Amino acid sequence: MSAQTWLECIRCGRKYPLDDIIYHCESCDGLLDVEHDIDQLRSRSGDEWKALFTERSCTSKWPYQSGVWAKREWVAPTIDVQNIVSLGEGYTPLLKVQNLTGMPHLWIKQCGISHTGSFKDLGMTVLVSHVKQLISLGRKVRAVACASTGDTSAALAAYAAAAGIPAIILLPRDKVSIAQLAQPIAHGAHVLALDTDFDGCMKIVQEVTADRMIYLANSMNPLRIEGQKTVGIEIVQQLGWEVPDWIVIPAGNLGNISALGRGLSMMKELGLIDRLPRLVAAQSANANPLYRSYLTGFEDYRPVTARATLASAIQIGAPVSYERAVKVLRRFNGIVEQATEDELADAGALADRAGLYACPQTGVALTALTKLVARGIITQRDRVVVISTAHGLKFTDSKVRYHEQRLADVVPRHVNRPLKIPADIRTVQEEIARRLE
Ligand SMILES: *Cc1c(COP(=O)(O)O)cnc(C)c1O
Ligand SMILES: [Zn+2]
């Protein structure tokens with residue numbers, strides 16, 4: 001196959017054309033990755049790639065105004081510019097935080113400061129553009145569909161609406177936040193709230209998309225991973241092309257950690273960096289199949305039934321990208337940690353006190369960081385990036401309940417409650433004086 005990009009089985013290496021509508025290898029049932037002709041990409045040196053990416057980061061020229069499409073040659077070089085569906089994803093802030101842990105070199109990658117409020121935009125722009133291209137080539141795709149813990153459906157619904165393609169959303173009923181439910185509804189998606197959990201929705205969407213005219217938008221589909229992999233590239237770019245010592249990331253279905261690893265690996269392969277950071281995957285203790293497997297050195301892996309967790313975006317018991325993630329964790333000398341409800345809620349609240357507005361998944365990642373620092377595995381002086389995956393505003397309900405002390409399994413240590421008092425200047429002044437004492 002002489003193409004620039006193709007699909008390749010992660011187990012047996014069998015290749016398929018990129019335009020095949022296929023999510024598993026026909027020989028061995030393995031997942032597929034998008035692979036690129038690396039020799040062709042070597043026509044530019046590492047320094048030339050850096051210069052090109054830097055130059056594009058200063059432009060508003062379509063499609064390079066997007067942090068994903070600015071890396072177009074590495075992501076999806078065969079998608080025509082007129083088929084690109086972009087809502088300005090990527091280029092999210094890498095925020096230095098000095099008042100949270102006391103660590104001098106801690107950054108938060110604010111992926112939630114994005115069009116639909118989570119990193120899912122990075123992958124969805126690529127997937128929906130790919131579908132638009134398929135349609136323009138005369139392929140019959142009637143709709144795009146996904147199962148979701150909330151953020152995938154928000155992103156899919158927005159990008160599909162922008163492209164004029166119908167979206168079908170399968171949600172676990174009463175298990176996504178109200179903000180996350182509002183998003184696909186507002187974008188006009190077909191929202192089906194099923195009486196099951198995410199893993200149950202994932203099974204059904206795979207059956208629904210066995211009909212190739214309904215295209216699968218979950219991260220089992222590697223087009224998503226190609227967009228999401230730009231996050232690692234962008235982090236290094238924002239650090240002046242210096243590799244951090246650690247990147248900590250919350251992990252559920254395990255697509256995003258796989259993507260992070262792919263982007264960084266590609267940078268090393270193409271000579272932009274000469275070493276890799278270590279990675280930490282952070283799971284909720286109520287949905288921790290990867291953590292359990294890690295404790296056995298990835299020898300033993302069993303899906304679990306995920307229990308309810310405030311980190312609802314990672315409430316997943318049978319992660320689709322398990323194999324991809326284990327490859328990445330081995331390559332990056334990775335660690336898996338977990339956070340209880342109490343730990344993740346407090347970590348999020350503490351981050352809010354430092355001026356962030358952390359989603360519960362970010363609370364999981366911050367807990368993992370704190371634990372590894374306490375154990376001396378991450379040192380105070382290490383350069384660490386924590387990936388914040390969604391905007392805290394999507395999780396208003398759980399934040400309110402935290403401060404009202406109404407969360408099960410959480411003893412909140414940073415409660416702040418509004419005080420109800422009469423509209424009387426003396427009372428107000430007395431209360432202010434008492435508080436500022
Ligand atoms: C999807 C999501 C994750 C988990 O990413 P995976 O690829 O499923 O591991 C983490 N945090 C948030 C906010 C998400 O939406
Ligand atoms: Zn195969």
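This is a predicted model, so every value here is computed, not measured. First listed ligand is number 1; within each ligand, the first listed atom is number 1.
Under a 4.0 Å N-O distance rule, the pair Asp33/Arg262 qualifies as a salt bridge.
Listed by chain and residue number, the protein contacts of ligand 1 are Phe119, Lys120, Asp151, Ala251, Gly252, Asn253, Leu254, Gly255, Asn256, Ala313, Ile314, Gln361, Thr389, Ala390 (heavy atom within 4.0 angstrom).
Checked by atom type, the side-chain pair Gln110/His391 shows no donor-acceptor distance below 3.5 Å. Donor-acceptor pairing under 3.5 Å is lacking for the side chains of Gln4 and Asp37. A donor atom on one side chain and an acceptor atom on the other are not found under 3.5 Å apart for Gln180 and Lys175. Using a 3.5 Å distance cut-off with no hydrogens or angles, the side chains of Gln206 and Thr209 do not pair a donor with an acceptor.
Of the listed residues (Ile377, Leu106, Val386), just one forms a side chain to side chain contact (heavy atoms under 4.5 Å, CB included) with Trp246, and that residue is Ile377.
The side-chain heavy atoms of Ile108 and Leu356, taken from C-beta on, include a pair separated by under 4.5 Å.
If you count the protein N, O or S atoms nearer to the Zn ion (ligand 2) than 2.8 Å, you get 4.
Asp409 CG: 12 or fewer foreign heavy atoms inside a 6.0 Å radius.
Judged by the 6.0 Å and 45° rule, Lys109 forms no cation-pi pair with Phe119.
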